[in-house]
A.B. asks: 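Shown below is the structure under consideration.
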Amino acid sequence: MSDLVTVFLPFSGSDFTKKTINDFINSKLVKKIFLLSQTDVADKFNNAEVLRVESLFSSSTIKLMESKSVTRYILFLTQDSLIRLGQFSLERLTAVAELTDSGILYSDYYDIKNNMTSPHPVIDYQFGSVRDDFSFGPILFFDSNAFANASKGIDESLKYAGLYALRLAISRHYLVTRIPEFLYSSIETDERRSGEKLFDYVNPKNRDVQVEMEKAATEHLKKVNVYLQPKFEEIDPGGGEFATEASVIIPVKNRAKTIGDAVQSVLKQKTNFSFNLIVVDNHSTDGTSSILHEFGAKDKRVIHIVPERTDLGIGGCWNEGVHHQSCGRFSVQLDSDDIYKDESTLQKIVGVFRKEKCAVVIGSYQLTDFDLNEIPPGLIDHREWTPDNGRNNALRINGLGAPRAYYTPLLREVKIPNVSYGEDYAVVLAMSRDYQIGRIYESVYVCRRWEGNSDAALSIEKQNAHNTYKDRIRTFEMLARQRKNKGQ
């Protein structure tokens, strides 16, 4: 079982590349190593040939790799980092590839930080794993036939989304298999906390990348019969019997430090309609309840609910508010540690409902620190949402913006998953299956990032749990859209 693998490594001049090359050369399975460089390289490397490429993940690079490979398998190192192969790791990859006829294989691995090694498990691939930032780890292992067949059909103009388009194309015809074993080690190249990485994909600097990613994703959705044409139902913006036009809903637990600011930002809203504030207090123990009781005693618009149930996540708390008899025609989100931008936020949101007859309205928000100082990337406006393709592109990305507001009669039908992560994403996807999503592209909301945020510094295991759940939500939604397209 020799000469089975062609290896492609990114190269930017780092000294550790020689160590990585030696690690691969020591395997009897490796026939050839190519270095992918975006600059001209004068250095010579034993047993490695330098290939000049414009972009590491472009379609032209993918096609170049296909033309250079003469082995049964292709190993692509997608990060310019030091890799140390585990014991018989290539043998394990090839053995599983032969057994499963997989088009792509990947595995768990170890992170190396400050000479310390820690496990880095990844998650299983599923039908709904269509987001472009799905984490396979640094090593992707391809069947060469799958690679060749898929590369023939990808758009040749893609500069950034070539690898993404290739992966989606392979997944349509072959298995994408995770080996739940730690087959190699890698030096961590991005040591930012999870909360700092969260907004990378909406950074305006990455706009060109996002446009290409949407193009590749849309093509994939069409080929798996998930794509929805831009045809929408409309709501009746005056429908239903409601004493109040709008309700702001805040689920909260132990946010004594921030809940007062959130409530005050609601009460100062100026509107030409009636509104109230429903705060669902999930059995706080830090003084939050006392603060809310005081607000309620002073202003009848503040409705303080403490659920009887003790098994509620954020979604379950939302359900308590939405199904409360005092809930208005439109249900508007506010997180317990955020605030509305100014006194016009609520009026702008309801105005979009009335004008566009949409089922959901999503605004734009400003990122700040706890003291309201703006922090990068600043305004998050989610301009990847377009009227024609937004609900398709929503399957590719991990978030949909804030604040979110819903047409209450429809929200009561759909119901919100009783979880504390991804519940809003699931609801918007479900509603967008039939209805248009209204957008406000100016800032109407302030999202405060601080050490108390629930997503500020998540463990790998927690990040994996979150990503698995959202991929599962995508799977459910893609299956529902297939049924819709089949007329079922």
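Positions are given from 1 along the sequence. Keep in mind that what you see is a predicted model, and the values were worked out from it rather than measured.
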A.B. asks: I'd like to know if Lys159 pairs up with Asp208 as an ion pair, taking the criterion as any Lys NZ or Arg NE/NH1/NH2 lying under 4.0 Å from an Asp or Glu carboxylate oxygen.
C.D. replies: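 No, this pair does not count.
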A.B. asks: Just jot down the side-chain contact (heavy atoms from CB on, under 4.5 Å) partners of Leu479, sequence neighbours excluded, or say none.
C.D. replies: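 Phe127, Thr475, Gln482.
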A.B. asks: State yes or no: are the ring centers of Trp318 and Tyr406 separated by less than 6.0 Å?
C.D. replies: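 They qualify: ring centres under 6.0 Å apart.
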A.B. asks: So, using side-chain contact (heavy atoms from CB on, under 4.5 Å) as the criterion, who are the partners of Ser144 when residues are at least two apart?
C.D. replies: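 side-chain contact (heavy atoms from CB on, under 4.5 Å) list for Ser144, sorted by chain: Ser69, Ile74.
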A.B. asks: In chain order, what residues pass the side-chain contact (heavy atoms from CB on, under 4.5 Å) check against Val414, with sequence neighbours excluded?
C.D. replies: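 If we apply the side-chain contact (heavy atoms from CB on, under 4.5 Å) test to Val414, skipping adjacent residues, the hits are Leu410, Ala430, Met431.
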A.B. asks: Does a sphere of radius 6.0 Å around CD in Glu461 hold more than 12 heavy atoms from other residues, nucleotides or ligands, not counting ones at 6.0 Å or beyond?
C.D. replies: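 Above 12, so yes.
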A.B. asks: Distance-only check: which donor-acceptor pairs under 3.5 Å involve side-chain atoms of residues 217-232, not counting sequence neighbours?
C.D. replies:
from, atom 1, to, atom 2, distance (Å)
Thr218, OG1, Glu214, O, 2.8
Thr218, OG1, Asn389, ND2, 3.0
His220, ND1, Arg172, NH1, 2.9

A.B. asks: What residues form a ring pair (Phe, Tyr, Trp, His ring centres under 6.0 Å) with Tyr340, not counting sequence neighbours?
C.D. replies: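 Tyr340 satisfies ring pair (Phe, Tyr, Trp, His ring centres under 6.0 Å) with no residue once adjacent residues are dropped.
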A.B. asks: Output all residues satisfying side-chain hydrogen bond (donor to acceptor under 3.5 Å, both in side chains) with Arg404, sequence neighbours left out; order by chain, then residue number.
C.D. replies: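 Listed in chain order: Asp424.
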A.B. asks: Looking at residues at least two apart in the chain, or sitting in another chain, which of them share a side-chain hydrogen bond (donor to acceptor under 3.5 Å, both in side chains) with Ser331?
C.D. replies: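 For Ser331 the side-chain hydrogen bond (donor to acceptor under 3.5 Å, both in side chains) partners, ignoring immediate neighbours, are Thr408.
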A.B. asks: Not counting sequence neighbours, which residues clear ring pair (Phe, Tyr, Trp, His ring centres under 6.0 Å) with Phe88? List them please.
C.D. replies: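 Ring pair (Phe, Tyr, Trp, His ring centres under 6.0 Å) list for Phe88, sorted by chain: empty.
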A.B. asks: Residues in side-chain hydrogen bond (donor to acceptor under 3.5 Å, both in side chains) with Lys415, at least two apart?
C.D. replies: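 Result, side-chain hydrogen bond (donor to acceptor under 3.5 Å, both in side chains) vs Lys415: none returned.
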A.B. asks: Kindly write out the residues that satisfy side-chain contact (heavy atoms from CB on, under 4.5 Å) with Arg52, not counting sequence neighbours, or none if the list is empty.
C.D. replies: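 Once residues adjacent in sequence are excluded, the partners of Arg52 under the side-chain contact (heavy atoms from CB on, under 4.5 Å) criterion are Asp40.
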A.B. asks: Less than 3.5 Å apart, which donor and acceptor atoms pair up between the side chains of residues 8-15 and the rest of the protein, not counting sequence neighbours?
C.D. replies:
from, atom 1, to, atom 2, distance (Å)
Ser12, OG, Asp80, OD2, 2.3

A.B. asks: Do Lys484 and Asp434 sit within salt-bridge range, that is, some charged N less than 4.0 Å from a carboxylate O?
C.D. replies: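 Yes, charged N to carboxylate O under 4.0 Å.
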A.B. asks: Kindly confirm or rule out a cation-pi arrangement of Lys18 over Phe16, judged by NZ or CZ under 6.0 Å from the six-membered ring centre and within 45° of its axis?
C.D. replies: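 That pair does not qualify as a cation-pi contact.
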A.B. asks: In plain terms, say whether Asp124 and Arg178 are close enough for a salt bridge, that is, a side-chain N and a carboxylate O under 4.0 Å apart.
C.D. replies: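 The answer is yes: the pair qualifies as a salt bridge.
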A.B. asks: Can you name the residues that form a side-chain hydrogen bond (donor to acceptor under 3.5 Å, both in side chains) with Ser89, not counting sequence neighbours?
C.D. replies: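 Checked Ser89 against side-chain hydrogen bond (donor to acceptor under 3.5 Å, both in side chains); zero matches.
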